[in-house]
Amino acid sequence: MLHQPSAIAMGHLLHLHNTSSDKMSLHHQEPWDTNTSAVTTSDLFLDETVNPWDIILCVTGTVMACENAIVIAILFYTPSLRSPMFILIGSLALADLLAGVGLIMNFIVIYVFNNELATLSSAGLLLAAFSASVFSLLAITVDRYLSLYNALTYHTERTLTFTYVLIILLWALCICIGLLPIMGWNCVRDQSSCSVLRPVTKNNAAVLAVSFLLVFALMMQLYLQICRIAFRHAQQIAVQHQFMATSQASSTRKGVSTLSLILGTFALCWIPFAVYSLIADSSYPMIYTYSLVLPAACNSVINPIIYAFRNPDIQKSLWLACCGCLPHRFLSGQRTSSDV
């Protein structure tokens with residue numbers, strides 16, 4: 001999606017400044033012309049300097065893919081991790097895994113397979129993956145809210161079938177979003193309509209940015225409700241069991257801190273880029289786009305730490321898989337099944 005001018009396109013610009021006649025035939029070719037044999041893969045590597053930002057994003061994508069592959073493997077090979085909560089965490093991990101693969105693919109497309117189909121496919125994969133990541137975060141937030149709001153009926157209403165149907169609908173929507181560039185919603189033929197994320201048009205980028213901001217607003221509202229419910233439960237328990245007031249207050253503060261970490265991380269990573277997508281276009285310096293896309297991508301690096309590796313059940317499975325043993329802290333203590 002962060003497609004830099006190719007060697008051919010740069011050559012076209014040089015032609016406008018009266019380059020030598022022996023290169024004119026190459027410079028007049030369309031950037032997406034896949035029938036020409038004038039430029040080879042080796043020419044691209046020789047003529048085009050690799051952008052350090054592209055390397056950083058590719059490395060970030062590799063870390064994302066490895067982290068989330070571990071989460072998916074743990075969930076897949078641990079039969080006890082089949083509750084709706086862990087299914088949603090698995091959806092988030094799959095989305096972030098595909099986002100990492102998309103960043104790696106984007107790097108390969110820019111510097112190796114520089115053609116229209118590859119560019120649109122890479123853009124579609126990134127759109128679908130990051131959309132699925134955001135919607136999975138929203139689904140986890142809704143699940144947490146329902147587990148507190150309907151605590152008595154939660155386990156009977158939130159069945160595995162309901163969760164699987166929700167996941168299927170979520171991914172179907174995100175796949176449709178990912179198909180938009182290939183179906184013609186792109187700026188390949190009209191560079192003036194490009195957004196900061198080529199080949200996505202500015203209008204499409206604005207719609208996606210506004211949708212994201214609405215999702216964030218909904219998440220914030222739900223987390224505020226979660227905090228309110230948690231404090232109310234803490235007060236009720238404190239009234240009934242005075243000797244538990246201190247420990248319960250400490251647990252509540254810890255929960256609120258965790259929610260603040262989740263919401264704050266999500267906002268810091270995504271909101272600057274969403275706002276920038278609304279006000280900027282392809283004429284803005286690419287350094288701005290790179291510097292805002294990187295934190296958004298890093299959110300998918302942080303997600304496994306917040307939602308998976310901090311979970312005691314997943315930690316237990318990870319310890320058993322790595323060394324076949326369990327630390328003492330896993331052998332004692334109780335916790336609720338809603339911990340994430």
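Given the structure is predicted, the values throughout are model-derived calculations rather than measurements. Computed over heavy atoms, backbone and side chain alike; hydrogens, waters and symmetry mates excluded.
Hydrophobic clustering keeps L126 apart from L179 (ILVMFWY residues linked when any side-chain heavy atoms are closer than 4.5 Å, directly or through intermediates). L169 and V142 fall into different hydrophobic clusters, where Ile, Leu, Val, Met, Phe, Trp and Tyr side chains are chained together by heavy-atom contacts under 4.5 Å. Put simply, Y288 and I279 are part of the same group of oily side chains (I, L, V, M, F, W, Y) that touch within less than 4.5 Å, one to the next. When the side chains of ILVMFWY residues are joined at heavy-atom separations under 4.5 Å, either directly or via intervening members, F309 and F76 end up in two distinct hydrophobic clusters. By the rule that hydrophobic residues join a cluster once side-chain heavy atoms approach within less than 4.5 Å of another member, L214 and L127 end up as members of one cluster.
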Trace of the side chain to side chain contact (heavy atoms under 4.5 Å, CB included) decision for F216 with L138: CA-CA 8 Å; F216 174 75; L138 176 61; over 6 Å; no
Audit row: S193, D190, side chain to side chain contact (heavy atoms under 4.5 Å, CB included) steps and yes/no: CA-CA 6 Å; S193 66; D190 182 13; 3.6 Å; yes
From CA spacing to verdict: side chain to side chain contact (heavy atoms under 4.5 Å, CB included), N204, L180: CA-CA 9 Å; N204 294 341; L180 291 179; 5.8 Å; no
Residues D143, M85; criterion side chain to side chain contact (heavy atoms under 4.5 Å, CB included); working and verdict: CA-CA 7 Å; D143 181 74; M85 173 187 66; 4.2 Å; yes
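Here L208 contributes atom CG and T201 contributes atom OG1; the two are 9.0 Å apart, rounded to the nearest 0.5 Å. A distance of 11.0 Å separates CD1 in I175 from OG in S131, rounded to the nearest 0.5 Å. The CG atom of L92 sits 11.0 Å away from the CG atom of L97 when rounded to the nearest 0.5 Å. We find the CG-OG1 distance between L88 and T141 to be 10.0 Å, quoted to the nearest 0.5 Å. Within the model, atoms CG of L320 and CD of Q315 stand 12.0 Å from one another, a figure rounded to the nearest 0.5 Å. To the nearest 0.5 Å, atoms CD1 (I74) and CG (L318) are separated by 4.0 Å.
Checked against the 2.5 Å cut-off, the SG-SG distance between C298 and C269 does not fall under it.
When side chains are defined from C-beta on, L94 does not count as touching N68, because their heavy atoms never get closer than 4.5 Å. Side-chain contact between V215 and F135 is present, with at least one heavy-atom pair separated by less than 4.5 Å. Counting heavy atoms from C-beta outward, Y290 and N51 have side chains that approach closer than 4.5 Å. Two residues are said to be in side-chain contact when any heavy atoms from C-beta on lie closer than 4.5 Å; I287 and W53 meet this criterion. Under the 4.5 Å side-chain criterion, counting only non-hydrogen atoms from C-beta, R198 is in contact with M286. The shortest distance between side-chain heavy atoms of L137 and N303 falls below 4.5 Å. For the pair S300 and E67, the minimum side-chain heavy-atom distance is 4.5 Å or more. Two residues are said to be in side-chain contact when any heavy atoms from C-beta on lie closer than 4.5 Å; F113 and I108 meet this criterion.
The aromatic ring centres of F130 and F212 sit 6.0 Å or more apart.
The main-chain N or O of I262 is never found under 3.5 Å from a side-chain atom of T265 such that the two would form a donor-acceptor pair. Proximity of a side-chain donor or acceptor of S122 to a complementary backbone N or O of A118 within less than 3.5 Å is not detected. Between the T78 side chain and the L81 main chain, no donor and acceptor come within less than 3.5 Å of each other. Between the K202 side chain and the S282 main chain, no donor and acceptor come within less than 3.5 Å of each other. Formation of a donor-acceptor pair under 3.5 Å by the S317 side chain with backbone atoms of I314 is not found in this model. Within the 3.5 Å criterion, the main-chain N or O of V200 finds a donor-acceptor partner in the side chain of S195.
Across all non-hydrogen atoms, the minimal contact from G102 to L125 is CA-CD2, 3.6 Å. The heavy-atom pair separating A139 from L170 by the smallest distance is CB-CD1, 4.3 Å. In plain terms, the two heavy atoms of Y276 and P285 that are nearest each other are OH-O, 3.9 Å. When all heavy atoms of N186 and P181 are compared, the pair lying nearest together is ND2-O, 2.6 Å. Of all heavy-atom pairs between S277 and V196, the closest is OG-CG2, 4.2 Å. Minimum heavy-atom separation, F107 to D54: CD1-O, 3.6 Å.
With no hydrogens or angles considered, a side-chain donor-acceptor pair links D281 and S283 at under 3.5 Å.
Below 30°, between 30° and 60°, or above 60°: for Y145 and Y149 the angle between ring planes is below 30°, a parallel geometry.
No option in S91, S136, S133 other than S133 meets the side-chain hydrogen bond (donor to acceptor under 3.5 Å, both in side chains) test with D96.
Environment of CZ in R82: crowded, with over 12 heavy atoms of neighbouring residues, nucleotides or ligands closer than 6.0 Å.
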